[in-house]
Structures are given as structure tokens and as C-alpha cells.
Amino acid sequence: MAKDQRTSRPTRLDASAPARPDRPTAVPHEIGFVGLGHMGTPMAANLAAAGYRVRAQVHRADQIEKLAALGLAPTANITDLFDCEIVISMLPDDAAVREVVLGRDGRGGLAGGLKRGAVHLSMSTISTFAASDLAGEHARHGQGYVAAPVFGNPDAAKARELFIIAAGAPADIERCRPLFDALGQKTFVIGAEPGHANLIKLLGNMLTGTTLEILGEIVAVARKRDLDPKLFIDIMTGTMFGGRAHKIYGDRIVKQSYAGGFLMPLVLKDVRLALAEAERAGAPMPSVDVVRDRLITGIARGYADLDWTALGLVAAEEAGLNPAPRP
């Protein structure tokens, strides 16, 4: 599908935060990228394919040749990103993002190194507290901070089919919008508070996680009663539950396809963050408690390298079923 058919402008811009007068109005041709993992690598490659020169920080020398072949400009030094107008981070957790922003012992981080008017585009799934804290640190240095976590797996990242949830100052989001269009199929702008974007991402992941848990339980019941689980999933997704999560993950659980994607330890990290948000709000999430315990069980059984669809594997084992051999 052509790009102009798949992308869309943000749904809303919050005008409450004024633009800083020293902020450039156009997205630069050269940007920085930190976090070249399963998600970050295809995202950075897509930016390079869209015509940007991407300075990509790497931690392992064996990555340099691979990333250069993708059209990136790899570097081992984060300081080489400091003159970029926009730096994207795609990192696994709060601690990793804090280290990139604050550096070690308060030195060598983006906040202290980027010039005034630059923007840190944080696309990591982190806590709302960390997002707000880091936004404040960048503001103290005259820099912008946009939280833009994504819904989608590495395959979606490669195909530019991510859904992006963005929050930050309107002028900063406008500067990042061409990057969003090069990375995903749709961007939702939900306001000026960065933490709200991360809260939506965490709660969305909990909706998917609880869906996977109940799908796994139902498929286990069907198998134990000698009912073809594919028949059940086909009926449900063709009638009452036609959403992407039910169709994609239901099919994978039926096929017992648990190959790596959103790995169980990373899901558990998000579950713990979401439960902490719920506790702060005084809103219990008992269904998510179940998902947490199932993830801990799966990891303890040696499934840390499997996708979160392996919640279906745990459910099958708890029902006394023999799972299919691992690929």
C-alpha cells in the first residue's frame, strides 16, 4: 500500500504548551537513534530508507557491519549524537532510558549533551513516572521530550505498520511527525503530558495480555473435550471477536506457535509497571495479577525466549496437556 494511503496526521494537537523560540520548524535530515534491538533495528532501517541519515549508537562491535549494511551510520559513542536535532530511543526499561538521558554519574547523557531546542523522541515502553521525570530533565536543559510508544511487533516495525501513541509539546510533535509517518501506519496524539502516552501503552498491553490468557485457557478446554480449537477460534473471530488480537494470537495459540517476538520477561516488566500504575490509582486489576503469575510460571519453566503467546502453552500444561515440541 502506498505511503500516502497508509499514514495519517495526528488526530489532535494540544495547544497548551507554547513552542520555544529557538526550536527549528523542520525535521532535520540527520537524526540519532539509541536502542538497536529487535524493534529498534527495523525502525532505524526504515528511517534510513526514507532518506534520513541515521546515526545509530551501538554497544557491540559485531553489530557495526550489519547496521552499516542497512544504511545506518553506526557509532559506539553516544556523544556522536549530541549535535542531532532529534534523537530517538527504543530501549527496554526505565533504567536503560534514564542512563541514556542522565548518563552515568550524571555525565554523558542526552540531557547534558544535546543542544538547546533538540528533541528526545522516546519510543520505549516505560513508566509514567519515568516519562514525566525525564521530560522535566530535558526541559531544564531547554530541550523537548516526546513520548511515543508503539503497538506492534518486530514484523510490524519492519513493515511500517506500527501504531504510535504520541504525547508532548505540540511544536515538538509536529517536528517528529514526518518520522512517525516513516515508521508506522497511524499516529494518535493524546495531549501534552508524556506520561499519558506510556499509560495508554501499558494498559493496552494489559488488554492484550489478558486476552492471550483467556484464549489459552479456552483452547485448553476445547482440546480436553476433543473439540477442534481452530473451529472454535474461527467461529468466534468471524462473529463476536473479530479484532486483530483475537485473530492473530488465537491462530498462533491453536497452532502452538510460540516463537520469539514480545518475549515473556519484557511482558512481565510491562505487567509490573501497569500494576504499579493501578495501585497508585487505587484501582485493582485482578485479571492482570493472573497474567503476572502465569508469566512467572512460564519463565520459571524455561520459556523466557518465547513470545507472550506462550501464555497458551502454560495454560495447556496446567490442564495436563502435552505441548507440541518446541521449534
Inset, instruction - Tell me, with the steps shown, if D172 and R177 meet salt bridge (Lys or Arg N to Asp or Glu O under 4.0 Å). - result: CA-CA 9 Å; D172 294 335; R177 187 166 63 186; over 6 Å; no
Legend entry - Other residues, nucleotides, ligands: >12 heavy atoms within 6.0 Å of H38 NE2: no
Legend entry - Verdict with reasoning, S127 to D94, per side-chain hydrogen bond (donor to acceptor under 3.5 Å, both in side chains): CA-CA 7 Å; S127 70; D94 287 19; 2.6 Å; yes
Legend entry - Cationic N near anionic O, under 4.0 Å, R223 to D228: no
Inset, instruction - Check whether any side-chain heavy atom of T128 lies under 4.5 Å from a side-chain heavy atom of H196, and answer yes or no. - result: no
Inset, instruction - Taking all non-hydrogen atoms of both residues into account, name the closest pair between L306 and Y258 and its distance. - result: CD2-O, 3.3 Å
Inset, instruction - State, yes or no, whether a side-chain contact exists between H138 and V101 at a heavy-atom distance under 4.5 Å. - result: yes
Legend entry - Over 12 non-hydrogen atoms of neighbours within 6.0 angstrom of CD in E318: yes
Legend entry - Candidate pair F151 and N205, rule side-chain contact (heavy atoms from CB on, under 4.5 Å), full reasoning: CA-CA 8 Å; F151 287 108; N205 278 2; 3.7 Å; yes
Inset, instruction - Quick one: do I31 and C84 satisfy side-chain contact (heavy atoms from CB on, under 4.5 Å)? Show the steps, please. - result: CA-CA 5 Å; I31 61 173; C84 294; 5.5 Å; no
Legend entry - Heavy-atom donor-acceptor pair, N153 side chain to A156 backbone, under 3.5 Å: yes
Inset, instruction - Consider only side-chain heavy atoms of I, L, V, M, F, W and Y, link residues closer than 4.5 Å, and tell whether V189 and I86 are in one cluster. - result: yes
Inset, instruction - In sequence, state the C-alpha distance, the side-chain angles, and the governing distance for T75 and V58, and then conclude on side-chain contact (heavy atoms from CB on, under 4.5 Å). - result: CA-CA 6 Å; T75 175; V58 297; over 6 Å; no
Inset, instruction - Calculate, to the nearest 0.5 Å, the distance between atoms CG and CD1 belonging to L110 and I78 respectively. - result: 4.5 Å
Inset, instruction - Go through D181 and R160 one step at a time and tell me if the salt bridge (Lys or Arg N to Asp or Glu O under 4.0 Å) criterion holds. - result: CA-CA 9 Å; D181 288 347; R160 294 176 51 240; over 6 Å; no
Legend entry - Considering all heavy atoms, the nearest P154-P42 contact: O-CG, 4.2 Å
Legend entry - Contacts of R244 that satisfy side-chain contact (heavy atoms from CB on, under 4.5 Å) - sequence neighbours left out: F163, I248
Inset, instruction - Provide the closest heavy-atom pair for A131 versus Y145 in the form atom of the first, atom of the second, distance. - result: O-CE2, 3.7 Å
Inset, instruction - Give, for atom CG of L67 and atom CG of L72, the distance between the pair rounded to the nearest 0.5 Å. - result: 5.5 Å
Inset, instruction - Please examine the side chains of T297 and E317, heavy atoms only from C-beta on, and report whether any two atoms are closer than 4.5 Å. - result: no
Inset, instruction - Determine whether F129 and L91 fall in the same hydrophobic cluster, where Ile, Leu, Val, Met, Phe, Trp and Tyr are linked whenever their side-chain heavy atoms lie under 4.5 Å apart. - result: no
Inset, instruction - Go through F232 and I218 one step at a time and tell me if the side-chain contact (heavy atoms from CB on, under 4.5 Å) criterion holds. - result: CA-CA 9 Å; F232 175 83; I218 287 171; 3.3 Å; yes
Inset, instruction - Flag yes if M206 and I296 sit in one hydrophobic cluster, no otherwise; membership is Ile, Leu, Val, Met, Phe, Trp, Tyr, and two members link when side-chain heavy atoms are under 4.5 Å apart. - result: yes
Inset, instruction - Using modelled atom types only, decide if a donor and an acceptor are shared between the side chain of Q143 and the backbone of A111 within a distance under 3.5 Å. - result: yes
Inset, instruction - Please examine the side chains of P265 and I299, heavy atoms only from C-beta on, and report whether any two atoms are closer than 4.5 Å. - result: yes
Legend entry - Option from V100, V97, N198 for which side-chain contact (heavy atoms from CB on, under 4.5 Å) with S124 holds: V97
Inset, instruction - Would you give the length of the straight line joining atom NZ of K230 to atom OG1 of T237, rounded to the nearest 0.5 angstrom? - result: 8.5 Å
Legend entry - Distance-minimising heavy-atom pair for A76 and Q57: O-NE2, 3.9 Å
Inset, instruction - State plainly whether the residues R55 and E85 are in salt-bridge range, i.e. N to O under 4.0 Å. - result: no
Legend entry - Nearest-0.5 Å distance, CG of residue L70 to CD of residue Q63: 10.5 Å
Legend entry - L313 vs Y303 side-chain heavy atoms within contact, under 4.5 Å: yes
Inset, instruction - Is it possible for you to say whether L202 and V291 belong to one hydrophobic cluster, with membership spreading through side-chain heavy-atom contacts below 4.5 Å? - result: no
Legend entry - K158 and D155 ion-paired at < 4.0 Å: no
Inset, instruction - Write down the atom of L263, the atom of D305, and the distance for their closest heavy-atom approach. - result: CD2-O, 3.5 Å
Inset, instruction - Indicate yes or no: at least one non-hydrogen side-chain atom of H120 is less than 4.5 angstrom from one of I88. - result: no
Legend entry - Flag side-chain contact, heavy atom, 4.5 Å: L162 against Q185: no
Legend entry - Aromatic F82 / basic K115 pairing, under 6.0 angstrom, 45° off normal: no
Inset, instruction - Applying side-chain hydrogen bond (donor to acceptor under 3.5 Å, both in side chains), run through T309 and D307 and close with a yes or a no. - result: CA-CA 5 Å; T309 48; D307 182 73; 3.0 Å; yes
Inset, instruction - Could you tell me the separation between the CZ atom of R292 and the CG atom of D289, rounded to the nearest 0.5 Å? - result: 4.5 Å
Inset, instruction - Measure the acute angle between the ring planes of F262 and W308, then classify it against the limits of 30° and 60° as parallel, tilted or perpendicular. - result: perpendicular
Inset, instruction - Identify whether V221 and L212 are in the same connected component of the hydrophobic contact network (ILVMFWY, side-chain heavy atoms under 4.5 Å). - result: no
Legend entry - Pairwise distance CG(L36) to CE(M43) - rounded to 0.5 angstrom: 10.5 Å
Inset, instruction - Mark yes or no for whether K269, through its side chain, and P92, through its backbone, hold a donor-acceptor pair below 3.5 Å. - result: yes
Inset, instruction - Taking the side chain as every heavy atom from C-beta outward, state whether E213 and V290 have any atom pair closer than 4.5 Å. - result: yes
Legend entry - Over all atoms of both residues, closest heavy-atom pair of A182 and L47: CB-CD2, 3.9 Å
Inset, instruction - Decide, yes or no, whether a salt bridge links D251 with K255 under the criterion of side-chain N to carboxylate O below 4.0 Å. - result: yes
Inset, instruction - Given side-chain hydrogen bond (donor to acceptor under 3.5 Å, both in side chains), test K201 with T125 step by step and report yes or no. - result: CA-CA 7 Å; K201 174 60 193 299; T125 301; 2.8 Å; yes
